[in-house]
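What follows is one structure encoded as structure tokens, with my remarks underneath.
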Amino acid sequence: MNIIEYLTDIGFPPTTPDGPCGSLRGPCPLCGEGHDRLAVWENGGFYCRRCEVKGNFAKLLELTEGLSPTEARERVQTYRQKTVTHTQPEIDLMPNEILDRNKWRASVLDLIEETEEELAHSPEALDFLYQERGLNDSTIRQHRLGLVREYQRLWRSDFGLKPSYLRQDGKEVWKVAVSEGITIPHRLRPEGVISLTVRCWDAAYGRYRSLPGSRLEAMCIAGSGTEFEGVVAVVESPLCAMKLNQDTGVTVIALGGVHTTLGEEVVSTLESAEKIILIMDDDAAGFEAAESYQIAFPQAVSCPVPRGKDVTEAWQAGLDLKQYMRAAVSRADRVLSARRSDHKVTMEPIQSVMASQDDSAEDTASLIPAPVFVSSEPDTATLAAPVVTPAQLSGARGYRYITDPSEAKTAVLEMVQGNDLLAIDIETAPHPDYPDHAKAGLSPTLSRIRLVQLAGRCGDALLIDAFACSGELTDILDPLCTHKLVAHNAVFEMAHLTHVGMAVGIMECTMLMWNALKNETIRERSPGDPKSMALSLKSVLWRALSVEVSKALQKSDWSRPVLEPEQLQYAADDVLHLVRLHDVLLNRLRMDRSEAVYQRMRNCQPTIVSLQQGFPFDGEVHKQMIEEWRAEAGPLEKQVRSVMGDDINLNSKHQLDAFFRANVPAESIAAWPTTSKGLLSTTEETLEANADLDVVAPLLRLRKLEKRISTYGEKMAAFVDPVTGRLMANFHLTGAVTGRMSSSQPGFQNMPRGDFRKIFTGGTGMVIAADFSQIELRVAAEMSKDRAMRQAFRDGVDIHQSTASRILGVDMAKVDEQSRQMAKVISFGTLYGQSGEGLRTYARDFGVEMTAVEARQFQKRFFAAYPQLRSWREDIRKGARRKESVHTKGGRVRTFKGKETSIFPKSLNTPVQGTAGEIQLRALTLVEQELSRFEDARIVNAVHDEIVVIAREEDADAVARLLQECMTRAFLEMFPDAPTMGLVECGVGENWAEAK
DNA sequence: TAAATATGCGCC
DNA sequence: AAACGGCGCATTTTTA
């Protein structure tokens, strides 16, 4: 109990907030009247403006209860003990704000660590603390100051706060705002953190903002050294307190804002102090606060800094804080002795006390340690990319167009000798035999090289007319094979040069560099310029170098025998900036520690070149298949139309919606899932749920066939290379935000399973298919270091069977197939953040009925079985929430844009899927290298965790071993301690279907 | 009329 | 409040 509660108890509750130190006003028990004449401070001080009585809690008890001074002091002690046991939880828990204080503390601690890290890497913010606040590194670390670099909005519930509250304007608020600025944690030990305050950069948010749920209490910084023992300084701002404590070693209390309370630690520090130096701000509020403190604490003496508003300003103006403290203490001594002898004293200004003091010179020297910049940034000396002078950049760079082969040969040699790194670009024209093929001009077999452009760091570009030099082109370009080259989308250049018989090595690629830096994919539009693609040379040049190039002529006629000057200048522009772009991006990659991400993709480029040479394809069998699909679909369509109407378009969502609404009972419609636009969903899943309708089964079958015909029929066959007869697809190293590859035209990664894959053959040889078994779960096990899951893999048991036995608590041997399926579903869903409801609906597809509550029970058991997996997941989730990004083991960073909703599942999935993708990339690189030992052997497909290779029949077994070995090696490079039993499964067959 | 969105489904 | 991820492709429907 404190003085306020006491007054309330005896019927004089002080309820009106007042003043800067948390004082309250209420009626006075001594003069008995009024409603606001008595001012009380939580620390125990009171003052009645009517009866002009003032003092502390004990004094009040003397007067109201008629106690002697000794009795009154004892009574205060007993009250205070009650305070400890009784009011502590009340203060600690803010029922309207915090539901779970432990959660709040844990999250705030995470936030503190995060912001500390941020501050350590922010020279500007450190500079602010060094230069403007005079703090040194040791102080910054001691108080665990941090930095919020960007304004953040975080879920309230993640802090254990009430998930939402109704703002005055009626809007429901779900998030807390964390402003940009310096974070100041308070009282980290032993009770844990009680508040986190941000000193905002943007004054529009006020100077200080506290995280909701903070218990705002004055901060106490314990003194060090002996000079000011027994002295306590009181200031307003925490940063002033830190500065004063740092420079003088005095114990300092920072009051904070008007809403702070003093807290036990502070009160006892003040009570036991011999002298209290009040250094309030030089304003009205500060003056009043000083008054009230002098009433509550007899040993307190007001002693504002002589210049400036507060300690920091005075220090900025040149005040030596140690000298000042000495003067203040000496002044306080005189004031206090005068008070004890009840003499009136005239307050001397602090300046004159300081002037009269005989200070020794050595004490004033170097009070402020020189700032030490601690940084984990890489040594810039090792990063130095070749420097380009402005003169070189601004100098006019044109082109030299060569049509004569021997002249070209000399020029290329000169280029190679004069440049350590050469930029290369190729323009192609459709091959005249196949002008209408979908990939004419793109695929090497369907194209002719029209122009080769080369450029160094400076000087003109070299344009070699490949038509004019045809026949000697490889000879001319031969010196490039052993030279370091850079291109944008270098796979294209590598593929075309390889196709004309050149043994080109791995090129540097600025497109892959940009992807490693920004994680933008091949499909994304350029931010700020929706017309261009994010990874296009135009977009990257603009964003990285502020260089603008036109792409208007990219699709001009490159087949004509004589190229126009405009075309030539366009072609030159494409290479002229490439070397500088490479240098700049490489530097940025190193600064971001993303070079490995880039290199992993770069080294995989030869694999892509191989992959894009196509998969041997049995066109005859394919045609038969299409016939069979049509044969089955025809009657089926008749049957469906006889029910649904001859004119119905079975692909139209509206017409299907209308049909079902008209033919299904109202109660079924009510329970029928809808799409986001309110139409009845007609997915396979929902239709099967209404399978009692006779038309459903044939409709679903028809849909399957239509899908086959439209996507996997003649349209797909159009991608067969007329020269080689192989089916050619595109592969993209930058196809997915997670770092997985993607494939298109046609998508090789979504070919229907089963007999369909018989059309993919080994040509004259065999097909060997190898896949990583349970790669994502293995990755999750390794990244989380979950003991139980790793052990299961080490034992080589079936992971889903093992999980089932753990979840259901039965022996491994007794796990039936259904339980195993369940475990599988629970594992993947739960791992990636599936809800209980989501699991319930998903499980229904597997014929397992459960309620959402039961589903959550399963998820709980899953986490109980794999506890480290659970905490690892939590860490990711928290990190994703704060930084709005997650990263893979290989270093790829995925950032969630502000507008993105529901990042939770993505943030859990990305590290796992992405790391698995990185292992696959490395495996593909190794396989491509090793496969060169075998004649006619080539990688023909790569499906996320599967690698498909063709090889001669006599080599098949050796190639299978090779695959096994390379894939295992790739996995171990990422996770050296990981168990590899059963990691790679491999099959051989005449075609892809049989190789499984 | 062309581009963007919506829906469903093929794969891992 | 709300939640399993990543893709590509065909077709319909809406929007600019």
Side-chain angles (χ1 to χ4, degrees), chain A residues 155-158 162-164 172-175 521-523 525 530-531 649-657 673-687 700 703-713 715-716 719 729-732 734-754 756-757 771-776 780 824-839 841-843 855 859 873 877 880 886 894 900-914 916-917 920 941-946:
Chain A
W155 291 108
R156 291 174 56 89
S157 63
D158 287 340
K162 220 174 73 176
S164 77
E172 195 169 18
V173 178
W174 295 91
K175 286 184 163 185
T521 67
I522 197 84
R523 298 179 316 284
R525 303 280 161 173
K531 289 208 189 312
N649 179 349
L650 295 170
N651 287 317
S652 165
K653 356 184 192 296
H654 283 160
Q655 294 181 40
L656 285 183
D657 176 83
T674 62
T675 68
S676 63
K677 290 285 180 190
L679 295 170
L680 294 183
S681 165
T682 64
T683 62
E684 191 175 350
E685 188 195 332
T686 53
L687 287 185
L700 284 176
R703 266 196 189 169
K704 289 253 186 271
L705 292 166
E706 290 295 338
K707 174 84 175 176
R708 285 286 167 100
I709 294 164
S710 65
T711 307
Y712 302 102
K715 278 211 172 84
M716 186 183 83
F719 292 110
N730 299 334
F731 283 86
H732 314 285
T734 59
V737 278
T738 52
R740 266 191 183 177
M741 290 203 299
S742 76
S743 165
S744 66
Q745 292 194 315
F748 255 25
Q749 293 171 326
N750 57 352
M751 291 301 172
R753 297 185 315 189
F756 175 81
R757 294 188 177 186
D771 68 288
F772 287 106
S773 162
Q774 308 296 350
I775 182 79
E776 293 204 353
K824 190 176 175 180
V825 170
I826 293 169
S827 297
F828 286 113
T830 309
L831 181 60
Y832 301 140
Q834 191 177 48
S835 64
E837 178 58 32
L839 174 55
T841 50
Y842 202 84
Q859 294 182 326
R873 247 176 53 112
R877 192 178 64 79
V886 288
R894 178 177 181 185
E900 212 158 343
T901 58
S902 185
I903 68 171
F904 169 49
K906 292 174 193 156
S907 69
L908 294 176
N909 174 272
T910 300
V912 179
Q913 186 188 118
Q920 165 83 337
N941 201 356
V943 194
H944 309 311
D945 64 355
E946 180 183 5

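Per chain, numbering begins at 1; letters A, B, ... match sequence-line order. Just so it is clear, the values below take in all heavy atoms, side chains as well, and ignore hydrogens, waters and symmetry mates. Note that the structure is a prediction, hence the values are computed from the model and not measured.
- A straight line from NZ of Lys824(A) to P of dG5(C) spans 18 Å, rounded to a whole angstrom.
- Taking the charged nitrogens against the carboxylate oxygens, Glu946(A) and Arg753(A) have no contact shorter than 4.0 Å, which rules out a salt bridge.
- For Ser744(A), taking side-chain heavy atoms from C-beta onward, the closest of the listed nucleotides dA10(C), dC12(B), dC9(C) is dC9(C).
- A heavy-atom distance below 4.5 Å is found between the side chains of Thr910(A) and Val886(A).
- For Gln834(A), whose side chain is taken as the heavy atoms from C-beta onward, the closest listed nucleotide among dC11(B), dC4(C), dG6(C) is dC4(C).
- Nearest nucleotide to the Lys704(A) side chain, out of dT13(C), dG10(B), dG6(C): dG10(B).
- Using a 4.0 Å heavy-atom cutoff across all strands shown, Val737(A) reaches sugar-phosphate atoms only and no base atom.
- Using a 4.0 Å heavy-atom cutoff across all strands shown, Gly838(A) reaches no nucleic acid atom at all.
- Between Gln655(A) and Asn909(A), the residue anchored nearer the 5' end of DNA chain C, judged by the nucleotide with its closest heavy atom, is Asn909(A).
- Here Ser681(A) reaches the OP1 or OP2 of dG8(B): one of its side-chain N or O atoms lies under 4.0 Å away.
- Which of dG10(B), dA10(C), dG6(C) sits closest to the side chain of Lys707(A) comes down to dG10(B).
- Side-chain polar atoms of Gln745(A) and Asn730(A) form a donor-acceptor pair below 3.5 angstrom.
- The residue Thr830(A) sits apart from the nucleic acid: no heavy atom pair falls under 4.0 Å.
- Looking at the side chain of Arg757(A), the nearest of the listed nucleotides dT14(C), dG5(C), dC11(B) is dC11(B).
- For Ala736(A), the listed nucleotide lying nearest its side chain is dG6(C); candidates were dG6(C), dA10(C), dG8(B).
- Secondary-structure stems of DNA chain C, taken as three or more successive Watson-Crick or G-U wobble pairs (i with j, i+1 with j-1) under a 3.5 Å distance threshold, comprise B:1-4 with C:13-16, B:6-12 with C:5-11.
- Within 4.0 Å (heavy atoms only), Glu684(A) reaches sugar-phosphate atoms of the nucleic acid but no base atom.
- Counted by atom type alone, His732(A) and Ser743(A) present zero donor-acceptor pairs between their side chains at under 3.5 Å.
- Of the side-chain N and O atoms in Asn649(A), one or more sit less than 4.0 angstrom from OP1 or OP2 of dT12(C).
- Look at the C1' atom in both dT12(C) and dA2(B): the space between them is 15 Å, to the nearest Å.
- Thr830(A) and Arg873(A) share no donor-acceptor pair across their side chains, judged by distance under 3.5 Å alone.
- With Thr711(A) contributing its side chain and Arg708(A) its backbone, the two residues share no donor-acceptor pair below 3.5 Å.
- Of all nucleotides listed (dA10(C), dC4(C), dG10(B)), dA10(C) comes nearest to the side chain of Thr711(A).
- Summarising the geometry of Thr686(A) relative to Pro673(A), their closest heavy-atom pair is CG2-CG, 3.3 Å, with the distance given to 0.1 Å.
- Contact detail for Ala855(A) and Gly836(A): the closest heavy-atom pair is CB-O, 3.3 Å.
- Asp771(A) comes within contact range of no nucleotide atom at all, as no heavy-atom separation falls under 4.0 Å.
- Using a 4.0 Å heavy-atom criterion, one finds that Arg753(A) contacts the sugar-phosphate atoms exclusively.
- In this structure, Tyr842(A) places its OH atom 12 Å from P of dG5(C), rounding to the nearest Å.
- With distances taken from any side-chain atom of Ser710(A) to the nucleotides dA10(C), dA3(C), dG6(C), the minimum falls on dA10(C).
- For dG10(B), the OP1/OP2 oxygens have no side-chain nitrogen or oxygen of Arg703(A) closer than 4.0 Å.
- Between Glu684(A) and Lys704(A) there is a salt bridge, since at least one side-chain N of the basic residue sits less than 4.0 Å from a carboxylate O of the acidic one.
- Residue contacts for Gln745(A): at a heavy-atom cut-off of 4.0 Å it reaches the sugar-phosphate backbone alone, with no base atom in range.
- Counting only N and O atoms by type, the side chains of Tyr842(A) and Glu837(A) include no donor and acceptor under 3.5 Å apart.
- The distance between atom CG of Asn730(A) and atom P of dC7(C), rounded to the nearest whole Å, is 17 Å.
- For dC7(C), the base has no donor-acceptor partner in the side chain of Arg523(A) [N/O atoms by modelled type, under 3.5 angstrom].
- Following rounding to the nearest Å, Glu946(A) (CD) and dC11(B) (C1') show an atom-to-atom distance of 10 Å.
- Residue order along DNA chain C, read from the 5' end via each residue's closest nucleotide, puts Pro746(A) first among Pro746(A) and Asn651(A).
- Between Ser742(A) and dG8(C) there is a side-chain polar atom (N or O) within less than 4.0 angstrom of OP1 or OP2.
- Regarding contacts with the backbone of dA2(B), every side-chain N or O of Lys531(A) stays at 4.0 angstrom or more from both OP1 and OP2.
- Of the candidate nucleotides dT14(C), dG6(C), dC9(B), dC9(B) has the atom nearest to the side chain of Thr683(A).
- Proximity of Arg156(A) to the phosphate of dA1(C): no side-chain N or O atom is located under 4.0 Å from OP1 or OP2.
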Kindly give the atom pairs (protein nitrogen or oxygen, nucleotide nitrogen or oxygen) under 3.5 Å for nucleotides 3-6 of chain B.
unit_1	atom_1	unit_2	atom_2	d
dA6(B)	N3	Lys653(A)	NZ	3.4

